Amino acid sequence: DGGITQSPKYLFRKEGQNVTLSCEQNLNHDAMYWYRQDPGQGLRLIYYSQIVNDFQKGDIAEGYSVSREKKESFPLTVTSAQKNPTAFYLCASSTGVAGGQPSTDTQYFGPGTRLTVL
Amino acid sequence: SQQGEEDPQALSIQEGENATMNCSYKTSINNLQWYRQNSGRGLVHLILIRSNEREKHSGRLRVTLDTSKKSSSLLITASRAADTASYFCACRSGSEKLVFGKGTKLTVNP
């Protein structure tokens with residue numbers, strides 16, 4: 001089965017702890033993304049990566065960190081610097097922007113991780 | 001920001017009726033996409049319309065795009081209870097980022 005997976009489904013964090021959310025895809029996509037969704041809100045981009053070993057900050061990167069050591073994996077760490085981390089986190093992937101031209105590709109989303117701070 | 005904004009925020013209809021959701025955006029785009037999200041799940045891509053297209057169909061879905069008004073609409077015909085979900089528009093303007101709106105929450109009552 002091709003797809004994008006996230007784990008865990010539910011995650012609880014104590015204040016002051018760092019936690020890492022996993023995102024794996026076997027779609028052979030170059031681009032991967034992390035979004036945050038708060039209740040009744042749209043998606044806000046945290047970080048994205050167009051290629052292995054490279055990533056860029058999105059609109060709300062403060063308090064988060066990522067790595068992209070493998071094409072298939074794009075883990076997100078929520079650090080203690082993130083003051084309000086309780087949210088639903090979504091990972092997505094896409095074929096990516098090819099040759100610098102605008103892409104018409106679509107994003108494929110994982111099932112999400114719900115993070116709660118205790 | 002060129003964020004798409006959906007209207008209405010919430011919509012409740014009876015099964016069999018049509019549902020229309022609108023999306024407005026602020027700057028020129030390369031394409032506009034619609035996604036669906038069931039409660040507590042990830043988003044699923046429904047349809048993409050390019051800036052040089054005016055209308056696209058996919059099954060019971062019809063999407064229109066009016067670039068002069070910077071707006072798009074999603075029509076779901078003959079709705080079913082299973083169509084109950086939130087629907088998001090997302091705009092791309094040539095950068096690698098896709099910008100999502102806040103969504104329309106659709107409830108289809110059996």
Side-chain angles (χ1 to χ4, degrees), chain A residues 3-7 9-10 21 23 25 27 29-51 54-61 87-114, chain B residues 1-11 21 23-25 27-53 56 58 61 63 65 85-107:
Chain A
I4 182 166
T5 59
Q6 293 184 240
S7 63
K9 186 172 182 178
Y10 299 97
L21 284 60
C23 178
Q25 54 97 3
L27 300 168
H29 284 169
D30 286 313
M32 296 187 75
Y33 312 82
W34 273 106
Y35 294 93
R36 170 182 171 139
Q37 186 178 33
D38 293 283
Q41 299 297 310
L43 278 65
R44 292 187 289 169
L45 183 64
I46 304 172
Y47 269 98
Y48 62 102
S49 169
Q50 291 292 320
I51 198 168
D54 188 43
F55 49 82
Q56 286 80 40
K57 293 182 179 180
D59 300 317
I60 55 165
F88 190 50
Y89 290 86
L90 288 161
C91 180
S93 70
S94 70
T95 55
V97 178
Q101 297 300 313
S103 172
T104 57
D105 66 349
T106 59
Q107 293 188 8
Y108 294 78
F109 283 80
T113 292
R114 188 166 300 280
Chain B
S1 168
Q2 61 161 36
Q3 182 184 33
E5 293 190 8
E6 292 90 345
D7 171 63
Q9 292 185 348
L11 180 61
M21 289 158 268
C23 172
S24 59
Y25 55 93
T27 62
S28 62
I29 58 172
N30 292 105
N31 67 66
L32 186 144
Q33 303 177 31
W34 285 91
Y35 288 78
R36 165 194 169 127
Q37 183 182 34
N38 286 78
S39 182
R41 305 286 189 89
L43 277 70
V44 175
H45 177 258
L46 295 176
I47 198 164
L48 179 152
I49 187 164
R50 294 179 175 84
S51 60
N52 60 353
E53 296 175 317
K56 281 190 85 169
S58 177
L61 305 181
V63 169
L65 179 65
S86 291
Y87 292 82
F88 295 87
C89 67
C91 303
R92 187 189 296 281
S93 67
S95 74
E96 57 271 31
K97 292 194 295 182
L98 198 59
V99 182
F100 288 82
K102 294 184 178 181
T104 292
K105 187 172 183 179
L106 173 66
T107 302

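Note that the structure is a prediction, hence the values are computed from the model and not measured. Every chain is numbered from 1, with letters handed out A, B, ... down the list of sequences.
Per-residue heavy-atom pair counts under 4.5 Å with chain A were compared for B:Gly103, B:Gly40, B:Ser86, and the maximum is reached by B:Gly40.
Nearest heavy atom pair, residue B:Phe88 against residue A:Gln41, reads CE2-O, 4.0 Å. The minimum heavy-atom distance between B:Leu98 and A:Tyr35, with the atom names listed, is O-OH, 3.9 Å.
Using a 4.5 Å cut-off between heavy atoms, A:Arg44 does not touch chain B at all. Interface remark: A:Tyr108 contributes no atoms to any contact with chain B (heavy atom separation under 4.5 Å).
Checked against side chain to side chain contact (heavy atoms under 4.5 Å, CB included), B:Gln9 has no partners two or more places apart in sequence or in another chain. Considering only residues two or more places apart in sequence or on other chains, A:Gln37 meets the side-chain hydrogen bond (donor to acceptor under 3.5 Å, both in side chains) condition with B:Gln37.
Atom OH of B:Tyr35 is separated from atom CZ of A:Phe109 by 6.0 Å, given to the nearest 0.5 angstrom. Rounding to the nearest 0.5 Å gives a distance of 11.0 Å between OG of A:Ser94 and NE2 of B:His45.
Checked against A:Thr106 for a side-chain contact (heavy atoms from CB on, under 4.5 Å), the options B:Asn31, B:Val44, B:Leu48 give a single hit: B:Leu48.
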